[in-house]
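In this text, all values refer to a predicted model and were calculated from it rather than measured experimentally. Numbering of ligands and ligand atoms starts at 1, following listing order.
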Amino acid sequence: MPGGGSIELGRIAGIRVGVDASWFLVLFLITWSLTSYYGQLFPGRDTIAFLLACISALLFFTSVLLHELGHALLARRNGIGILGVDLWLFGGIARFDREAPSAGVEFRVSAAGPLVTALIAAACFGAGALLTTPEEMLHATFLERVDVSELTAVLAYLAFVNALLLAFNLLPAFPLDGGRILRAAVWRLTGDRDRATRFAAGLGRLVGLALVAFGIARLVAGSLIGGAWLLFIGYFLYRAARDEALRARFGEPFAGLTVRDVMDHEPVAIPEPTPLDRAFEDFFLRYGWPWFPVIDAEGRLTGLVPRKAIDDVAHERRHELRVAEVMAKGGREAIEAISVPTDAPLERLLASSALVRLGAVMAVDEEGHLRGVVTTTALRRLLRRDGAALAT
Ligand SMILES: [Zn+2]
């Protein structure tokens with residue numbers, strides 16, 4: 001699954017939109033297969049077929065993006081923070097900084113994406129039906145080779161692919177949208193979110209296994225690409241459902257806590273103007289850590305300095321150079337990757353790649369001042385404490 005490592009395309013309504021490298025493979029495969037599809041629809045017009053394939057692939061990409069933005073915007077309206085929208089091998093993912101606070105919110109956020117997709121499919125079908133006839137458009141939408149214009153052919157493909165996207169997303173298999181809607185329903189009925197998650201994730205695993213079995217059957221029947229695709233989707237769905245069930249358990253003791261509740265309030269940071277020889281003695285030798293956060297004169301987090309950056313500088317030059325000159329500096333992106341807001345819910349840490357990569361994540365206030373640090377060791381301690389409390 002994509003994480004903080006995705007390539008940022010830009011921001012829409014303040015929401016970070018990223019793509020995982022695997023998405024380019026999808027775009028390539030779609031463009032390639034569509035070129036041959038349009039080539040059969042418009043024989044002898046290879047350039048047109050290729051252009052239509054590129055336009056269709058781009059519009060498919062936009063459809064998936066709009067679906068995810070549907071989730072994201074509704075989440076934001078309900079006070080849930082959005083970490084970003086990412087496109088990867090199997091479509092899109094909107095990542096949030098916390099779980100929905102109620103079954104109603106979970107339902108609305110989960111339904112918003114499929115609703116957008118249904119609207120796109122309906123609009124494309126409607127426009128095509130106006131250009132031809134509803135009957136002809138129906139044939140075109142099922143990708144039958146009927147005699148239609150280029151515009152109608154693209155509309156028909158978009159209606160088809162969005163209908164397919166809708167059907168897949170509505171499978172009652174958590175963490176797909178249909179599974180989330182189901183979870184919201186069970187949550188509302190039982191009043192127990194974790195039970196609802198276990199139930200929906202159980203179905204998610206079952207559907208995943210069914211898709212794997214179906215994929216193997218297709219492979220045996222000789223459908224290589226279709227079979228392999230189903231097998232992969234099934235496998236990822238199975239794994240995602242298993243992980244989400246674990247996450248629900250893991251997140252339990254964290255409910256209601258924020259980063260501020262668990263962070264070390266006196267983080268050790270090196271000021272930017274510190275000469276390297278002093279940084280080495282006062283920090284690296286003294287604490288023995290492999291890296292330190294770096295702050296500017298106002299106490300704002302500006303980056304990290306790894307020990308290696310100092311090791312690489314000859315001893316006699318270390319008093320001339322300052323930390324600011326050798327540190328790993330970055331823009332907002334780089335700072336966001338290693339920090340979390342102090343008031344973020346603790347669940348947000350589970351989505352932090354810095355925690356895995358560095359073993360710690362920096363806590364910053366709204367102005368970017370370094371206020372604390374959360375280490376994996378501290379989190380483990382918290383988990384053990386809660387585990388002990390649960391056991392007694
Ligand atoms: Zn969705």
Chemist: Between A360 and V373, what is the shortest heavy-atom contact and its length?
Modeler: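 Nearest pair, atom of A360 first, then V373: CB-CG2, 4.0 Å.
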Chemist: Less than 6.0 angstrom from the centroid, inside 45 degrees of the normal: does R188 satisfy that with respect to the ring of F107?
Modeler: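 No, R188 and F107 do not form such a contact.
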Chemist: By ring-ring contact (aromatic ring centres under 6.0 Å, His included), which residues pair with F61, not counting sequence neighbours?
Modeler: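 For F61, the residues satisfying ring-ring contact (aromatic ring centres under 6.0 Å, His included) (neighbours in sequence not counted) are W23.
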Chemist: When I82 is tested against each of E68, R76, R95 for side chain to side chain contact (heavy atoms under 4.5 Å, CB included), which residue passes?
Modeler: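 By the side chain to side chain contact (heavy atoms under 4.5 Å, CB included) criterion, I82 pairs with just one of E68, R76, R95: R76.
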Chemist: Measure centre to centre between the rings of F232 and W229, then say whether the value is under 6.0 Å.
Modeler: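 For F232 and W229, the ring centres are not under 6.0 Å apart.
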Chemist: Around the Zn ion (ligand 1), what protein N, O or S atoms are found below 2.8 Å?
Modeler: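 Protein N/O/S atoms under 2.8 Å of the Zn ion (ligand 1): H67 NE2, H71 NE2, D177 OD1, D177 OD2.
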Chemist: For a quick test of reading the model, state the closest non-hydrogen atom pair linking F199 to L182 and the distance between them.
Modeler: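 Closest approach of F199 to L182, heavy atoms only: CE2-CD2, 3.9 Å.
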